[in-house]
Number of protein chains: 2
Amino acid sequence: MTTTALLAYFERVLSLTEAEKSLVAEAFQERKVKRRHFILQKGDVCKHHTFVVAGCFRMYLVDDKGKEHNLQFAIENWWITDIASFYAAEPSSLYIEALENSTILQLRKEDQVKFFDDNLTFNRIFRALTENALVNAHRRILQNISSTAEERYLDFLKRYPQFLQRLSNVQIASYLGVTPEFLSTIRKKMIGS
Amino acid sequence: MTTTALLAYFERVLSLTEAEKSLVAEAFQERKVKRRHFILQKGDVCKHHTFVVAGCFRMYLVDDKGKEHNLQFAIENWWITDIASFYAAEPSSLYIEALENSTILQLRKEDQVKFFDDNLTFNRIFRALTENALVNAHRRILQNISSTAEERYLDFLKRYPQFLQRLSNVQIASYLGVTPEFLSTIRKKMIGS
DNA sequence: GGCAGCCCATAAGGTAGTTTAAGAAAGCGA
DNA sequence: TCGCTTTCTTAAACTACCTTATGGGCTGCC
């Protein structure tokens, strides 16, 4: 059963009745995505909440000069959604790309309303997820305005060691907001000391 | 009635019954705060959601070198809370300071649970508020990693013109993540062109 | 009314991070 | 297994932004 991981995830927040578990199985759809394929592209409206069962994704922006800036990664048991586009039903300015062959569970917005909007437990769960994401976003803003690139890299290594083996330095540099060349000099300096 | 502005705010999201309006009046407490006084200091646990009825606040971090970094401002009809501390009940690393003599409405965490946790309407409202805050946070992260200080300043002017008259350039510079001196050179350059 | 404290501007020298270019190593598709 | 694309590194020139210092104007306070 592919929703096993998702149910386990939900039950870390609040426990579910059997009826609620069935709702989850009914509302979420499984999908396989190949490496380098996109589940969201600029201009699309983001119509799904996506939960990663297996694999790895990145969400990024392409700026005026054509440069990519990674906003977020997601591996097993993470969510990845352009919430600005999802909630406002506006065209997204972001891309979500699979970095590995992946399996996901998706919840369409209509199905979120249909299945979960009247349910207090799921309202609490989705509120908790959003609060959690907001705490992380605030931490990252603080870090961006108060730390150097080296400090951010060290924090990234400590906080997400599981990403190190799966992501190239190009991807990590883009997430930290520096060029791969500069990340390379940071790494060199760290090994030296 | 001091909760008028707050009720109007809530009803922009979802309409409330009379009973729910009474709940709001019961749960929120009014408080006056003088300029330069704090409603949160580093080490405190953030125990309230704060809604600004009148006045102006800033939330900021002090880094290892003693420098202040503004994370957020709040004026009339804005919320200001250290959500990381509030939800995790951990000591905060932030300060929230009144920049003007102000009037606020505060909701204690226990009262949020007591009055609103079982109420579907308020769950939806608080979820919507959090989603909104998350969208803003994501936009700000994107901007921090993809824009220059000048671009961020221009966007700040466009997005929050009402802040211009009320905040010093020192406060704005700290929000943008640059020194006041550099903001001054940006402003000079803009006038010249 | 005068002093203290804050705010803004300007300038010179310094540092963090970028750009461009080039070469070697490693992974991927056919 | 070959060829191609991607990845990592190094280096030199460049730019965005910081630091420190100075001076002048404004505001609030006794």
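Lettering of chains follows the sequences in order, A, B, ..., and the numbering in each one begins at 1.
The side chain of A:Ser184 places no N or O atom within less than 4.0 Å of a non-bridging phosphate oxygen (OP1 or OP2) of D:dC8. Distances shown here put every side-chain N or O of A:Thr179 at or beyond 4.0 Å from the OP1 or OP2 atom of C:dG17. Applying the 4.0 Å criterion to OP1 and OP2 of D:dC8, one finds that A:Arg187 has every side-chain N and O outside that range. Note on B:Lys67: a side-chain N or O is less than 4.0 Å away from OP1 or OP2 of D:dT19. Taking side-chain N and O atoms only, A:Lys34 has no distance below 4.0 Å to OP1 or OP2 of C:dG29.
Of the residues in residues 148-173 of chain A, A:Ser168, A:Asn169, A:Val170 come within less than 4.0 Å of DNA chain D through at least one heavy atom, sorted by number.
In this structure, the NZ atom of B:Lys65 is 11 Å from the C1' atom of C:dA16, given to the nearest Å. Atom-to-atom, NZ of A:Lys189 to P of C:dT15 comes out at 12 Å; the value is rounded to the nearest Å. Between A:Glu181 atom CD and C:dA16 atom P there is a gap of 18 Å when expressed in whole angstrom units. Distance B:Arg35 CZ to C:dC6 C1': 10 Å, rounded to the nearest Å. For B:Ile186 and D:dT15, the CD1 to P distance is 17 Å, given to the nearest whole Å. Residue A:Leu99 contributes atom CG, which lies 10 Å from atom P of D:dT7 at whole-angstrom precision. For the pair A:Leu183 CG and C:dT18 P, the computed distance is 10 Å after rounding to whole Å.
In this structure, a donor-acceptor pair under 3.5 Å is absent between the side chains of A:Glu68 and A:Ser174. Checking B:Arg58 against B:Asn70 by side-chain atom types alone, a donor-acceptor pair falls below 3.5 Å. A donor and an acceptor atom, one from each side chain of B:Arg127 and A:Asn123, are located under 3.5 Å apart. Residues B:Ser92 and B:Asp44 bring no donor and acceptor atom of their side chains to less than 3.5 Å of each other. Judged by distance alone, the side chains of A:Thr50 and A:Gln106 do bring a donor and an acceptor atom under 3.5 Å apart. Side chains of A:Asp117 and A:Gln112: no donor on one and acceptor on the other come within 3.5 Å.
Relative orientation of the A:Phe51 and A:Tyr9 rings is perpendicular, given thresholds of 30° and 60° on the angle between their planes.
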Subject >> ring pair (Phe, Tyr, Trp, His ring centres under 6.0 Å) between B:Phe163 and B:Trp78, worked out >> reply: CA-CA 12 Å; B:Phe163 282 173; B:Trp78 288 54; 5.4 Å; yes
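For A:Phe182, counting side-chain heavy atoms from C-beta on, the closest listed nucleotide (C:dT18, D:dA11, D:dA21) is C:dT18.
The cationic atom of A:Lys109 (NZ for Lys, CZ for Arg) lies less than 6.0 Å from the six-membered ring centre of A:Phe86 and within 45° of the ring axis.
The rotation axes computed at either terminus of the helix from C:dG1-D:dC30 to C:dA30-D:dT1 lie 60° apart, taking five pairs at each end and rounding to 10 degrees.
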